[in-house]
Amino acid sequence: MPSVERTVTTDQPIEKVWAYLSDFTTTEQWDPPTVTTTRTAGDGGVGTTYTNVSKFLGNESEVHYVVTEHVPLERLQLKGDAGDSLSLLDTITFAREGSGTAVTYHAEFEPHGAAKLAEPLMPLGLKVLADKVAKSMQEHLDAL
């Protein structure tokens with residue numbers, strides 16, 4: 001299963017970083033492929049659902065996410081379902097670094113059906129995408 005992971009470190013305090021990133025609708029700001037993210041149910045904790053529309057390689061796709069783990073100031077995990085083509089697992093972990101914060105974003109991609117044929121090509125595209133996401137996340141966290 002293809003996956004990517006990036007860690008960014010910011011001088012911002014963990015409480016501020018957690019508040020920002022645990023509201024998954026902020027992906028509209030820091031996740032370059034995201035067009036929209038809407039909370040569809042819940043308060044942000046376990047069981048909260050989001051609908052994300054992202055544009056990748058010129059195509060828009062809709063992913064339905066559910067929060068599966070919500071440990072304040074430590075860990076946020078969401079499972080994503082893009083229908084018949086792809087399942088995702090996004091895990092964001094938070095750690096104090098002095099007065100700042102280290103954030104690790106880990107994303108796993110499980111293609112299904114016809115999309116499985118593209119799996120060998122995914123790692124290169126995902127690396128480029130992960131680098132863009134990390135750069136954008138860094139800029140937005142530093143600006144908090």
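Counting begins at 1 with the first residue of the sequence.
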Any Thr68 side-chain heavy atom under 4.5 Å of Val46 side chain: no
Gap between atom NE2 of His64 and atom OG1 of Thr51 - 0.5 Å precision: 5.0 Å
Partner of Phe24 under side chain to side chain contact (heavy atoms under 4.5 Å, CB included), chosen from Thr34, Asp31, Thr48, Leu78: Leu78
Side chain to side chain contact (heavy atoms under 4.5 Å, CB included) between Leu89 and Phe109, worked out: CA-CA 7 Å; Leu89 183 64; Phe109 302 82; over 6 Å; no
Side-chain touch Leu88/Lys79, heavy atoms, less than 4.5 angstrom: no
From CG (Asp142) to CD (Gln12), nearest 0.5 Å: 7.0 Å
Glu5 side chain near Ser3 side chain, heavy-atom distance below 4.5 Å: no
Over all atoms of both residues, closest heavy-atom pair of Pro13 and Thr101: C-OG1, 3.2 Å
Contact summary for Leu76 and Ser22, nearest pair of heavy atoms: CD2-CA, 3.7 Å
Same apolar cluster (I L V M F W Y, side chains within < 4.5 Å links), Val71/Val66: no
Lys/Arg N to Asp/Glu carboxylate O, Glu69 vs Arg75, below 4.0 Å: yes
Verdict with supporting geometry, Tyr65 and Thr37, side chain to side chain contact (heavy atoms under 4.5 Å, CB included): CA-CA 10 Å; Tyr65 281 100; Thr37 299; over 6 Å; no
Do any side-chain atoms of residues 38-45 form donor-acceptor pairs under 3.5 angstrom with protein atoms, and if so which ones, sequence neighbours left out?
residue: Thr40; atom: OG1; partner: Thr49; partner atom: O; Å: 3.2
residue: Thr40; atom: OG1; partner: Thr49; partner atom: OG1; Å: 2.6
residue: Asp43; atom: OD1; partner: Gly45; partner atom: N; Å: 2.9

Distance, nearest 0.5 Å, that separates NZ of Lys127 from CG of Asp131: 4.0 Å
OG1-NE2 distance between Thr7 and His106, expressed to the nearest 0.5 angstrom: 11.0 Å
Donor-acceptor under 3.5 Å (Ser136 side chain, Trp30 main chain): yes
ILVMFWY cluster, Leu73 and Val103 together (side-chain gap under 4.5 Å): yes
Leu86 vs Glu110, side chain to side chain contact (heavy atoms under 4.5 Å, CB included): CA-CA, chis, key distance, verdict: CA-CA 6 Å; Leu86 189 66; Glu110 184 178 355; 5.5 Å; no
For Pro33 against Val133, the heavy-atom pair lying closest together: CD-CG2, 4.4 Å
Please list, one pair per line, the donor and acceptor atoms closer than 3.5 Å that link side chains of residues 14-21 to other protein atoms, with sequence neighbours excluded.
residue: Glu15; atom: OE2; partner: Arg96; partner atom: NH1; Å: 3.3
residue: Glu15; atom: OE2; partner: Arg96; partner atom: NH2; Å: 3.2
residue: Tyr20; atom: OH; partner: Gln29; partner atom: OE1; Å: 2.7

Lys135: side-chain hydrogen bond (donor to acceptor under 3.5 Å, both in side chains) partners, not counting sequence neighbours: Glu139
N/O donor-acceptor pair under 3.5 Å between Gln138 side chain and Thr9 backbone: yes
OG1 on Thr10 to CG on Leu144, rounded to 0.5 Å: 7.0 Å
pair Val63-Ser54: side-chain heavy atoms closer than 4.5 Å: no
Heavy-atom side-chain proximity of Val8 to Leu141 below 4.5 angstrom: yes
Spacing of CD1 belonging to Ile92 relative to OH belonging to Tyr105, to within rounding of 0.5 Å: 5.0 Å
